[in-house]
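My questions will all concern the structure given below.
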Protein chains: 2
Amino acid sequence: MDTESGHDADLARTYRRDCPSRTVIEVLANKWTLYVLAALRRQDGPMRFNDLRRLLEGITQKMLTQTLRALERDGLVRRTVYPTVPPRVEYALSELGVEVGRLTTAIADWSIEHAPEILDSRRTFDAHASADVRPLPPAYT
Amino acid sequence: MDTESGHDADLARTYRRDCPSRTVIEVLANKWTLYVLAALRRQDGPMRFNDLRRLLEGITQKMLTQTLRALERDGLVRRTVYPTVPPRVEYALSELGVEVGRLTTAIADWSIEHAPEILDSRRTFDAHASADVRPLPPAYT
DNA sequence: CGGAATCCCATCTGATACTG
DNA sequence: CAGTATCAGATGGGATTCCG
């Protein structure tokens, strides 16, 4: 079942404009998706909307709603509404969401771990770049 | 060295607005980054600009340049220029790039594998959504 | 509490033209 | 070949207001 062979051949499909996986990646490769997945993954149980909002510093209500909706639509997040007053809405990863959450969290972990050297690389790059840009001779206006 | 403990505590830093990892993730979680990393990872050797462009269906020259530049700045991609005529420019993953490429490629693979059920989930979700939206009573406008 | 709706600006992205 | 420069349109994303 799990054909490890033909792996690269499959991956190549991603490069095609009409590959369905592109629409999936589009959802995953977005500003807040990775954080939301990581946050939901930390918890044992589900999380409420405002808990997520407080946890994810800087996210707006609109973006959180939008991100959660997209993930719910894709079947990665399960949303449960308790018709109480005030309303109580809980979010949890589906099995699919747990799977992909493992992958995205690996990226988050990696980013934390290697942030120092990457920031270093940026400083070097930027320094050289600005050195390379010579001002135009005044004649050019 | 590799402190597997304190894992979650570290990850929590990602949620903070000023965590450096956020700027790293910002580069990775972008429309074309994942594809470029995957493409460079397939090759044993480096790839030329137009080879990449042809491989990644739909990417424009501008976006490819921009994405490669960002990855180079972060030290994930190494750019080599051969001062010939016409010029020859080769791109290859750095060691850091190979590392992160493994992680992003895992996501691409996963997306390909699960695209069918995710698309299914979307269809179901969208069908219910449109069913839930009742037209307003004419009296309202 | 958990949103929806609206406004609005910033950036992202693509198309096009030009260059060493 | 491998870009840069520029412009216009689409989209992303934030702030605010309002609602069940």
Side-chain angles (χ1 to χ4, degrees), chain A residues 17 22-23 25-36 39-40 46-73 77-92 129-130 132-134 136 140-141, chain B residues 17 22-23 25-36 39-40 46-73 77-92 129-130 132-137 140-141:
Chain A
R17 188 199 299 270
R22 282 209 179 181
T23 70
I25 293 171
E26 213 166 293
V27 171
L28 297 178
N30 247 321
K31 187 170 188 184
W32 294 106
T33 300
L34 188 145
Y35 303 116
V36 169
L40 289 177
M47 286 187 77
R48 299 185 61 173
F49 186 85
N50 279 326
D51 291 340
L52 275 168
R53 182 140 88 112
R54 270 184 293 272
L55 183 60
L56 271 36
E57 212 173 81
I59 198 170
T60 60
Q61 164 267 321
K62 178 183 174 179
M63 283 301 101
L64 180 53
T65 300
Q66 197 170 295
T67 304
L68 285 169
R69 215 57 100 221
L71 292 174
E72 185 196 0
R73 185 169 104 104
V77 159
R78 225 172 279 129
R79 177 173 179 268
T80 312
V81 184
Y82 299 91
T84 59
V85 181
R88 174 189 190 87
V89 181
E90 292 185 342
Y91 293 91
S130 54
D132 282 350
V133 178
R134 275 159 248 248
L136 284 174
Y140 273 89
T141 322
Chain B
R17 189 199 299 271
R22 283 209 178 181
T23 71
I25 292 171
E26 215 166 292
V27 172
L28 297 178
N30 247 322
K31 186 170 188 182
W32 293 106
T33 301
L34 187 145
Y35 303 115
V36 169
L40 289 177
M47 287 186 76
R48 299 185 62 173
F49 186 85
N50 279 327
D51 291 340
L52 275 168
R53 181 139 90 112
R54 270 184 294 272
L55 183 61
L56 271 35
E57 213 174 78
I59 197 171
T60 61
Q61 159 274 317
K62 179 181 175 180
M63 283 301 100
L64 180 54
T65 300
Q66 197 170 297
T67 305
L68 284 169
R69 214 59 98 219
L71 292 175
E72 185 197 1
R73 185 169 104 104
V77 160
R78 225 171 278 125
R79 176 173 180 269
T80 313
V81 183
Y82 300 91
T84 60
V85 180
R88 174 188 192 87
V89 181
E90 291 186 340
Y91 293 91
S130 53
D132 281 351
V133 178
R134 276 158 247 247
L136 284 175
Y140 268 90
T141 315

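Quick note on labels: first sequence line is chain A, next is B, and so on, each numbered from 1.
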Inset, instruction - Nearest-nucleotide wise, let me know which of A:V89 and B:W32 is further upstream toward the 5' end of DNA chain C. - result: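 Its nearest nucleotide being more 5', the pick is A:V89.
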Inset, instruction - Let me know the distance between CG of A:L64 and C1' of C:dA4, rounded to the nearest Å. - result: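 For the pair A:L64 CG and C:dA4 C1', the rounded distance is 14 Å.
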Legend entry - Short side-chain N/O contact to C:dG3 OP1/OP2 from A:R88, under 4.0 Å: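 For A:R88, the contact criterion (side-chain N or O under 4.0 Å from OP1 or OP2 of C:dG3) is not met.
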Inset, instruction - Please figure out whether A:E90 or A:K62 has its closest DNA chain C nucleotide nearer the 5' end. - result: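 Looking at DNA chain C, the more 5' nearest nucleotide goes with A:E90.
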Inset, instruction - Measure across B:E90 and B:P46 and return the closest heavy-atom pair with its distance rounded to 0.1 Å. - result: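 Looks like OE1-CG, 3.3 Å.
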Inset, instruction - For the pair A:T65 (side chain) and A:Q61 (backbone), establish whether a donor and an acceptor sit closer than 3.5 Å, ignoring hydrogens and angles. - result: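 Present.
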Inset, instruction - Spell out, as yes or no, whether a donor-acceptor pair under 3.5 Å connects the side chain of B:T33 to the backbone of B:A29. - result: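 Here the side-chain-to-backbone pair does not exist.
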Legend entry - Closest to the B:M63 side chain, choosing from C:dG2, C:dA5, C:dG14: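 The listed nucleotide nearest to B:M63's side chain is C:dG14.
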Legend entry - Sugar-phosphate only, base, or nothing, as touched by A:Y82 at under 4.0 Å among non-hydrogen atoms: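 Touches nothing.
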Inset, instruction - Identify which nucleotide among C:dG2, C:dG3, C:dG20 has an atom closest to any side-chain atom of A:R48, counting heavy atoms from C-beta outward. - result: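 Nearest listed nucleotide: C:dG2.
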Legend entry - B:K31 side-chain N/O to C:dG14 phosphate OP1/OP2 under 4.0 Å: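 Yes, within the criterion.
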Inset, instruction - Please report, rounded to the nearest Å, how far the C1' atom of C:dA15 is from the CD atom of B:Q61. - result: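 One finds 11 Å between C1' of C:dA15 and CD of B:Q61, rounded.
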Legend entry - Length of the CZ-C1' vector between B:R53 and C:dT13, whole Å: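 The distance from CZ of B:R53 to C1' of C:dT13 comes to 15 Å, rounded to the nearest Å.
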Legend entry - A:R53 to A:I59 - nearest heavy-atom pair and separation: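 Minimum heavy-atom separation between A:R53 and A:I59: O-CG2, 4.0 Å.
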Legend entry - Worked verdict on A:F49 versus A:L68 for side-chain contact (heavy atoms from CB on, under 4.5 Å): CA-CA 9 Å; A:F49 186 85; A:L68 285 169; 4.0 Å; yes
Inset, instruction - Using only side-chain N and O atoms of A:R69, determine if any of them is under 4.0 Å from OP1 or OP2 of C:dA4. - result: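 Indeed, a polar side-chain atom of A:R69 lies that close.
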Inset, instruction - Verify side-chain contact (heavy atoms from CB on, under 4.5 Å) between A:L55 and A:D51, making sure each step is shown before the conclusion. - result: CA-CA 6 Å; A:L55 183 60; A:D51 291 340; over 6 Å; no
Legend entry - Step-by-step side-chain contact (heavy atoms from CB on, under 4.5 Å) determination, B:I25 to A:Y35: CA-CA 10 Å; B:I25 292 171; A:Y35 303 116; 3.7 Å; yes
Inset, instruction - Whole angstrom is fine here: how far is it from CG in A:L68 over to C1' in C:dG2? - result: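 Going from CG in A:L68 over to C1' in C:dG2 covers 11 Å.
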Inset, instruction - Measure the distance from CZ on A:R54 to P on C:dG3 and round it to the nearest whole Å. - result: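 My rounded result for the distance is 13 Å.
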Inset, instruction - Could you tell me from which nucleotide to which nucleotide of DNA chain D, 5' to 3', there is an atom under 4.0 Å from chain A heavy atoms? - result: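 In short, chain A contacts DNA chain D from D:dG13 to D:dG20.
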Inset, instruction - When you get a sec, tell me which of C:dG14, C:dA17, C:dG2 is the closest nucleotide to the side chain of B:T60? - result: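 Side chain of B:T60 sits closest to C:dG14.
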